Structure formats: C-alpha cells, structure tokens
Asker: 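Sharing a structure, written as structure tokens. Questions coming.
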Amino acid sequence: MSDPKWTVGKSTPLTRPRGTRDLLPSEMRQRRFVESRFRDIAELWGYCEVATPAFEPLELFTLKSGEAIVDELYSFTDKGGRSLALRPELTAPVARLYVNELQATPKPIKLYYFGDCFRYERPQSGRYRQFWQFGIELIGSSLPEADAEVIALAQRMLASVGLDANIHVGSLDVLRAIFCDVDYETSALAMRLIDKGDFDRLAELPGGGRAIDLIKAKDPLNEAQNIVALDHLLCVLELLDTLSVSYTVDFSIARGLEYYTGIVFEAYSCALGAQNQVLGGGSYRLAHLFGGEDVPSTGFGIGFDRVLDAVNLQVPEVPRLLVVPTNDARIYALHVANELRSRLKTDIDVMGRTVRAQLAYANSAGFDYAVIIGKNEMQTSKLTLRNLRSGEQELLDVKQIINRVLNNV
RNA sequence: GCCGAGGUGGGGUAGCCUGGUAAUCCUAUGGCCCUGUGGAGGCCACGACGCGGGUUCGAAUCUCGCCCUCGGCCCCA
C-alpha cells in the first residue's frame with residue numbers, strides 16, 4: 001500500500017475544466033422543465049427527435065465554416081489517425097445525418113435535437129466551453145410557408161418558458177444586392193460590421209451608406225423594395241401575421257454565413273449581458289457540401305443555457321414523503337415504502353437515525369409528509385401520515401395516503 | 001489573445017493598507033443531550049488562506065509568475 005494512489009488523506013482537489021459547469025439538482029430541475037416544454041412543442045408541431053455523435057470528422061465543420069474555426073474547436077487525432085472534433089454546433093451534424101440516412105425519406109423532413117456542444121473560447125457570462133443547444137431543422141422546402149413555420153415555432157418555444165422575445169427577421173437578399181458589385185473581402189467585412197452595428201466603419205465602405213440608410217430607415221421594408229424584390233419576405237411576414245407571431249423587420253441581421261440563403265432571424269433577451277442572443281436561424285443549403293443532393297432547409301438553434309439565464313421559472317414540485325420507522329419497524333417500513341412508490345416520491349432512512357432525528361431531517365430537507373411507522377401501526381396496519389407543514393396527522397392505509405397526498409381527499 | 005475586478009473551511013465572511021497569539025464570526029453538514037414525533041437550545045466533531053517561487057527571524061498580509069472565477073473586448077459557425 002505504498003502506492004500514493006491508495007493513501008488516505010487530502011490531495012490537491014481536482015477541479016472541473018475551464019468553461020464547464022457542474023449542474024446541481026436545483027438547476028437540473030429547471031433545465032429539465034425547459035427542455036420538456038421545448039420538446040413538447042416540437043412534437044406537437046410534428047417534429048421528430050434525432051441525436052448525432054458528440055464528435056464528428058473535423059472536415060464536417062471546416063467545410064461548413066472554413067479553416068479558421070479550427071482555432072475554436074476541440075479537435076484531436078484518434079488512435080487510427082483520424083482528424084476529429086467535438087461538435088461546436090448541431091446544424092452541420094444534422095445536415096450530415098440527413099445526407100447519410102434520410103435523403104429518400106418523404107419531404108418535408110422535420111427534425112429536432114437537444115445536445116451539448118463544445119467550443120474552445122474564452123469563457124464569460126453566457127458563454128461556456130460546453131453548452132447546450134436545442135434546435136429544429138425543416139428540410140425540403142424553400143417556400144415562405146416553411147420559413148414562417150420555423151419562425152413561429154421559435155416564438156412559441158421561447159414564449160412557453162416566459163420569454164416573450166420579439167423575433168427580429170431579416171433577409172440576406174437585400175444586403176447581398178447592395179454589395180453585389182463589391183469584391184468578396186469587402187462585402188464580408190461589411191457583413192461583419194453590419195452584424196456588430198459598427199456604422200462608422202461601415203460608412204467608409206462602398207455600399208456602406210446605402211446599407212446604413214436601409215437599416216436605420218423608419219420603414220425598412222419600403223426602403224428595401226427599392227433595392228430588390230421582396231416577394232418572399234413579404235409573404236413570410238404575412239404568414240407570421242396569420243400565425244399571430246410578433247416580429248421586427250431588421251436588415252441588420254447578417255449572420256455572416258455564406259450558406260444562409262435568404263431569411264435570417266434572431267432573438268435577444270434584455271435580461272442578459274453582452275451575450276444576449278438566445279436564438280438564431282435562417283434558411284440555408286448545406287447538404288450538397290456534404291455530398292448529398294442539394295436541398296433547401298430552414299432551422300434555428302436556441303442557446304439553451306442563455307434561456308435559463310434569462311428566465312425566472314417556478315418549476316412545479318411534487319410532494320415528497322419520508323417513511324419514518326422506529327427501530328423494530330424498519331423491515332415492515334420497507335414494504336410500505338415500496339407500495340407508496342407506486343405513485344408517490346418516497347424516501348426512507350438509510351442513516352440509522354432515531355425517529356426524532358428522522359423527523360428533524362425531514363424538516364430540514366424540505367419533505368412535505370412523514371409516514372410514521374411503529375408497533376402501533378404494524379398491529380393496526382394503518383400508518384401515521386403527518387403533514388409536516390401543518391403538523392396535522394391521521395391514521396390511514398397506503399391507498400388512503402396516496403389519495404390524500406395526490407388529491408387531498 | 002487583450003483590458004479591468006477578484007480568489008480565506010461546503011456556502012457567506014473578519015483579518016491584508018500597517019507582516020508577529022492556536023486565523024474571526026455566521027451558516028451548512030455528522031453525532032450526542034433525546035432508540036415513537038421536526039422546526040428552538042446546549043455540547044462535540046468536521047473543515048480554509050487558489051498554486052508555485054522570492055523577500056524576511058517570521059507571509060493570508062509585501063513581491064513575481066501561473067491557474068481559476070466574474071465583467072467587458074476580440075470572436076461568435
């Protein structure tokens with residue numbers, strides 16, 4: 001036993017990696033609540049859940065986003081010499097899944113996902129190196145109906161957890177029309193400046209003034225119509241009106257990405273700091289990059305962690321029971337606990353505590369009821385149900401306890 | 001990668017400027033007082049100076065480097 005690994009005593013505590021979090025019970029309760037809301041809505045709208053691997057070929061992400069993103073990826077070479085990366089987002093993996101598995105499935109294909117992603121960036125408020133995204137992709141339609149459905153779904157999901165964020169809707173067609181005669185580097189820079197709202201620098205670029213006029217216009221739609229036909233966008237907006245989705249037309253959404261094809265949208269929360277975007281999406285084409293038939297898609301990703309930072313939730317709690325036996329009733333109490341567990345959240349002492357200490361524990365741990373079992377209860381086959389809030393107690397059998405606790409009858 | 005503020009038991013803190021007692025207090029946790037009735041109280045236990053170097057007789061305190069956290073910049077697929 002001289003191996004230091006086996007010595008008992010303190011050593012330097014291991015800590016979690018930078019930018020990661022331990023999620024404690026109270027947080028997990030909130031997260032599961034939000035997740036189930038999102039999941040329920042996606043299912044109600046006819047979307048099906050998919051899951052993809054936590055790591056993918058590095059190329060999947062460089063094809064989509066360019067070599068520069070390697071700096072911000074957790075990438076590695078496996079023992080077979082393959083270049084892999086932990087996924088930094090889920091749109092590309094889902095597009096890859098579509099190409100590999102679902103190309104022959106009837107369109108439209110409606111998918112949703114919830115998973116953790118990894119980016120090697122400097123952590124700050126609302127930005128972690130492991131974070132969660134909830135998203136949906138609608139594959140197979142380029143019609144306004146598809147864009148409107150996805151935006152409406154985004155709005156419903158956020159609203160379902162009390163985030164009535166106004167969705168900003170824009171179109172890349174307009175910006176691209178403005179910069180169509182400008183060289184690639186300059187237009188890419190312009191897109192970035194638009195995204196940042198850096199109008200001073202934007203004004204110095206060719207086309208910049210026009211873009212600023214558009215973004216700042218009182219009636220941006222009218223302004224945009226002088227630049228390019230807006231049939232598609234106008235149709236999407238009309239459908240959103242029909243679906244009772246409130247939105248703001250905002251041509252400053254650039255989302256910098258080349259694969260977006262037209263409609264783009266984002267949502268923000270004023271409850272957050274610098275990282276205030278909770279949702280982003282748009283219509284795009286990726287499948288052909290990954291070796292599939294070209295297919296139009298629309299989708300969005302929700303920054304799950306940011307949603308949780310932005311909302312203040314009261315998660316409904318179910319009543320908790322503690323079965324409290326005297327020493328000679330412990331075996332009998334185990335049977336009782338098992339029966340109660342058919343319907344109720346039930347704990348039983350594993351610390352060898354006295355009745356008094358068990359009740360003290362029940363109190364400090366926030367239990368709602370104690371089911372006290374001793375000689376008397378074993379003889380009468382009734383149990384003492386004690387309401388720990390009111391202090392009232394009564395003799396009931398298991399069925400009656402379940403009814404009392406669930407329905408208060 | 002850059003700027004700023006921080007880091008003392010599980011949580012919250014005093015001490016730091018002005019180096020010197022066994023590092024303060026609250027809380028949480030486990031036990032006992034009390035093996036059939038909780039919330040109070042008393043007693044006991046547990047447990048910390050982020051890491052490493054330097055200065056010094058002596059460092060939580062001064063100093064340097066690093067790590068980490070928070071706010072922001074950059075970036076944001």
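Convention: sequence-line order gives letters A, B, ...; per-chain numbering from 1. None of the values given here were measured: they were computed from a predicted structure.
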Asker: Give RNA chain B the dot-bracket treatment, 5' to 3': Watson-Crick (N1-N3 with N6-O4 or O6-N4) or G-U (N1-O2, O6-N3) under 3.5 Å, [ ] crossing, | other strand.
Answerer: (((((((..(((.......[....))).(((((.......)))))....(((((..]....))))))))))))....
Asker: Take atom C1' in B/A59 and the same atom in B/G20, then report the distance between them in whole Å.
Answerer: 10 Å
Asker: Got a donor-acceptor pair under 3.5 Å from the side chain of A/E377 to the base of B/G36?
Answerer: yes
Asker: Taking donor-acceptor contacts at under 3.5 Å, does the side chain of A/R127 reach the base of B/C76?
Answerer: yes
Asker: Between the protein and nucleotides 32-34 of chain B, are there any N/O to N/O pairs under 3.5 Å, and if so, what are the atom names and distances?
Answerer:
residue : atom : partner : partner atom : Å
B/C34   : O2   : A/R356  : NE           : 2.3

Asker: Determine the interatomic distance between P on B/C25 and the same-named atom on B/U35; round to the nearest Å.
Answerer: 31 Å
Asker: Would you say A/R404 and A/N408 are linked by a side-chain donor-acceptor pair, where the criterion is simply a distance under 3.5 Å?
Answerer: no
Asker: Can you check the distance between B/G47 and B/G10, where both ends of the measurement are the P atom (answer in whole Å)?
Answerer: 10 Å
Asker: Write down the distance between OH (A/Y113) and P (B/A77), rounded to a whole number of angstrom.
Answerer: 13 Å
Asker: Is any side-chain N or O of A/Q124 under 3.5 Å from a base N or O of B/C74, one able to act as donor and the other as acceptor?
Answerer: yes
Asker: Toward the 5' end of RNA chain B, which comes first, A/G126 or A/Q275, by nearest nucleotide?
Answerer: A/G126
Asker: Distance check, P atoms only: B/A45 and B/C26, in whole angstrom units.
Answerer: 15 Å
Asker: Evaluate A/Y112 against A/E137 for side-chain hydrogen bond (donor to acceptor under 3.5 Å, both in side chains), listing each step before the verdict.
Answerer: CA-CA 6 Å; A/Y112 76 92; A/E137 310 292 343; over 6 Å; no
Asker: Given the C1' atoms of B/G4 and B/C74, what is the spacing between them in whole Å?
Answerer: 15 Å
Asker: Among side-chain atoms of A/T298 and A/D147, is any donor-acceptor pair under 3.5 angstrom?
Answerer: yes
Asker: For a quick check under 3.5 Å, do A/E377 and A/T384 share a side-chain donor-acceptor pair by atom type?
Answerer: yes
Asker: Ignoring hydrogens and angles, write down the donor-acceptor pairs under 3.5 Å from the side chains of residues 126-134 of chain A, residues two or more places apart or on other chains.
Answerer:
residue : atom : partner : partner atom : Å
A/R129  : NE   : A/E121  : O            : 2.7
A/R129  : NH2  : A/E121  : O            : 3.2
A/Q130  : NE2  : A/D116  : OD2          : 2.8

Asker: Give me the one residue out of A/L163, A/L279, A/I136 that meets side chain to side chain contact (heavy atoms under 4.5 Å, CB included) with A/I302.
Answerer: A/L279
Asker: Are any of A/R122's side-chain N or O atoms less than 4.0 Å away from OP1 or OP2 of B/G72?
Answerer: no
Asker: Taking the same atom, C1', in B/G12 and in B/C73, what whole-Å distance lies between them?
Answerer: 32 Å
Asker: Taking the minimum atom-to-atom distance to the side chain of A/V355, which one of B/C75, B/U37, B/C76 wins?
Answerer: B/U37
Asker: Between B/G1 and B/A48, how far apart are the two P atoms, rounded to whole Å?
Answerer: 33 Å
Asker: Whether the side chain of A/R87 engages the backbone of A/T52 through a donor-acceptor N/O pair (distance < 3.5 Å, no angle test) should be reported.
Answerer: yes
Asker: Given the P atoms of B/U63 and B/G19, what is the spacing between them in whole Å?
Answerer: 12 Å
Asker: In terms of side-chain geometry, is the basic nitrogen of A/K110 or A/E149 positioned less than 4.0 Å from the acidic oxygen of its partner?
Answerer: yes
Asker: In terms of the nearest nucleotide of RNA chain B, which residue is placed more toward the 5' end: A/R18 or A/P88?
Answerer: A/R18
Asker: Can you tell me if the side-chain N/O atoms of A/T326 get under 4.0 Å from OP1 or OP2 in B/U35?
Answerer: no
Asker: Between A/T261 and A/S283, does any side-chain donor sit less than 3.5 Å from a side-chain acceptor?
Answerer: yes
Asker: Looking only at side chains, do A/D250 and A/S252 share a donor and an acceptor under 3.5 Å apart?
Answerer: yes
Asker: Between A/K196 and B/C73, does any side-chain N or O lie under 4.0 Å from OP1 or OP2?
Answerer: no
